[in-house]
Amino acid sequence: METVVSGIRSTGKLHLGNYYGAIQNFIKMQHEYNCYFFIADLHSLTTHPTPSDLHGNVKQVLVEYLAAGIDPEQATIYIQSDVPEVAELYLYLNMNAYLGELERATSFKDKVRANPDNVNAGLLTYPVLMAADIIIHKATKVPVGKDQEQHLEMARTFGNRFNRLYDNEYFPEPYAFSYGDKLVKIPGLDGKGKMGKSEGEGNAIYLSDSPEVIRKKVMKAVTDGGPTTENQQKPDEIQNLFDLMKVVSTDDTYNHFNNLYNTMQIRYGDLKKQLAEDMVLATAPIREKISDIANDSEYLSRVARLGADKARESARKTVSEVREIIGFRSF
Ligand code: TRP
C-alpha cells in the first residue's frame, strides 16, 4: 500500500471550503492508503507564537480534524513535535541543502518580502523540514495543491541527493497528487473567489462559527440589484450564493430560489436567510462534536499518544537506517 503524508498548518480553523474539499478527500484516502496526517507545529515556530497560542492552535486543529471525521484508528494523525526523529532527519538533510537553492524558493522570497525583519534560518530551511516530514515515512504521495509543488520538487531533490551521496536507493520520490474527483467549488461570501481565510474577515464560514456568527456573515454577503430579464446569467456574487446553496440545502430549496431568480421575483434577503439556516444545520453535528472533543482531554491525549506511537515507529526505523547509512555505527 502506498504511503501518503500530509502536513496541516497548525494555524487556521477549518472553514466550509476545507470541509467539503480537502477533508472529504482525507476521509476517503484514509481507507485506501497508509496515511500520515500531522499538525506542523515545528514549522509554525518560524513566526514565534507564544506558548499558549501554539498549544491552543494545535489543539484546535486536532479537535477539528477529528470532529470532521479523520479516524485516528485508520490514519495516523499526530503532532509533528511529538516525533523528534523528524528534527533529526532534518538536521542530516540540512547538510546537503544549499544556500542558493533555499534562497530561490518562491515561498521563502514571499516571506522575506512580507516580513523583512524576521528572516530566520528556520524560514530558509522550511522546505528541508518539509522534506523530512515526507521522506521519513518514505511517502510517495502528498495531497497538496499547486502552491506546494516547488516544495515537493525540493523534497525529491534532497532525497535523491542523499541517495546519490551514499550510493543507494533509500528514499523513494514523493509527488504531489490530487485525490479523487475534482473538488466541489466552495466560493466565499465576498462574491469574488473561493472561500479562504486570507480573503478577509467575513468571507469564510468556519466549522466552529456559532449560528449567530454564520447568520451575520451570510446576511452581509454581497448581492446586486436583482435580475433585470428572465433566465439571465447570474453575476459571480449571486452564482456564489447559489453554489453554496447547492452544497448545504436540499434540491427543493435550491430549485425554489432558482425559479424565483429566473422569474425575477427573488428577494435576496429571503435567499440569504434560508442559506444561513441551512448552513447552521449542515454544520450543527460537527460543531457539536468540536465542543465535545475539545472538552474531552482524556480522549485527546489518547489520540495524540496513539498517533505519536504509530508515527514514531515508522520514523524510528527510517532514522536508524539513515544513521547506519551515514556511518553512525555503534562500537
Ligand atoms: N507547507 C505545507 C503548507 O503550507 C505544510 C506542510 C509542512 C506539509 N510539511 C508538510 C504538507 C509535508 C505536506 C507534507 O500547507
Side-chain angles (χ1 to χ4, degrees), residues 2-15 17-19 21-23 25-26 29-30 33-47 49 54 57-58 60-62 64-65 70 75-91 93-94 97 102 105-112 114-115 120 122-159 171-179 183 194-198 204 307 311 314-315 318:
E2 277 186 285
T3 297
V4 166
V5 165
S6 191
I8 303 157
R9 273 173 251 190
S10 66
T11 52
K13 352 173 231 184
L14 291 176
H15 53 64
N18 303 131
Y19 181 68
I23 303 285
N25 281 346
F26 279 12
M29 240 184 276
Q30 61 188 0
Y33 296 102
N34 180 24
C35 287
Y36 292 90
F37 301 133
F38 70 93
I39 301 168
D41 61 344
L42 293 176
H43 286 279
S44 80
L45 294 182
T46 57
T47 59
L54 176 65
N57 289 339
V58 170
Q60 178 162 30
V61 172
L62 181 61
E64 293 193 354
Y65 273 73
I70 303 290
T76 298
I77 175 156
Y78 66 100
I79 298 155
Q80 186 185 29
S81 62
D82 280 345
V83 182
E85 289 79 8
V86 170
E88 187 174 343
L89 181 59
Y90 163 63
L91 185 148
L93 295 178
N94 266 328
L102 296 171
T106 312
S107 62
F108 177 68
K109 289 194 281 190
D110 288 347
K111 283 174 190 159
V112 170
N115 294 298
N120 59 65
L123 211 55
L124 182 72
T125 57
Y126 182 109
V128 186
L129 180 55
M130 180 160 163
D133 291 329
I134 297 167
I135 67 180
I136 201 156
H137 301 301
K138 298 191 165 182
T140 50
K141 288 186 144 58
V142 185
V144 288
K146 272 243 166 313
D147 64 320
Q148 297 296 314
E149 197 63 71
Q150 191 177 39
H151 286 155
L152 261 290
E153 193 184 327
M154 293 172 85
R156 289 191 292 276
T157 300
F158 300 142
F171 289 115
E173 287 190 323
Y175 282 91
F177 93 124
S178 48
Y179 176 90
L183 291 184
K194 58 178 192 180
M195 190 174 281
K197 65 170 177 166
S198 47
S314 152
T318 302

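Positions are given from 1 along the sequence. As the structure lists them, so they are numbered: ligands from 1, and atoms in each ligand from 1. Heavy atoms only: backbone and side chains are in, while hydrogens, waters and symmetry mates are out. Bear in mind that the values here come from a model prediction, so they are computed numbers and not experimental data.
The ring pair (Phe, Tyr, Trp, His ring centres under 6.0 Å) search around Phe108 returns none, not counting sequence neighbours. By the ring pair (Phe, Tyr, Trp, His ring centres under 6.0 Å) test, Phe158 pairs with no residue at all, sequence neighbours left out. Every residue was checked against the side chain to side chain donor-acceptor pair (under 3.5 Å) condition with Asn57, not counting sequence neighbours, and none meets it.
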For ligand 1, list every N/O pair with the protein closer than 3.5 Å, one pair per line with the distance.
from, atom 1, to, atom 2, distance (Å)
ligand 1, 1 (N), Tyr126, OH, 2.8
ligand 1, 1 (N), Gln148, OE1, 2.9
ligand 1, 4 (O), Arg9, NE, 3.0
ligand 1, 4 (O), Arg9, NH2, 3.3
ligand 1, 4 (O), Tyr126, OH, 3.4
ligand 1, 4 (O), Gln148, NE2, 3.3
ligand 1, 9 (N), His43, NE2, 3.4
ligand 1, 9 (N), Asp133, OD2, 2.8
ligand 1, 15 (O), Arg9, NE, 3.0
ligand 1, 15 (O), Arg9, NH2, 3.1

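A donor-acceptor contact closer than 3.5 angstrom links the side chains of Gln80 and Asp133.
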Verify ring pair (Phe, Tyr, Trp, His ring centres under 6.0 Å) between Phe37 and Phe26, making sure each step is shown before the conclusion.
CA-CA 9 Å; Phe37 301 133; Phe26 279 12; 4.3 Å; yes

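Between Tyr78 and His137, the angle of the ring planes goes over 60°, which puts this pair in the perpendicular group of the 30/60° scheme.
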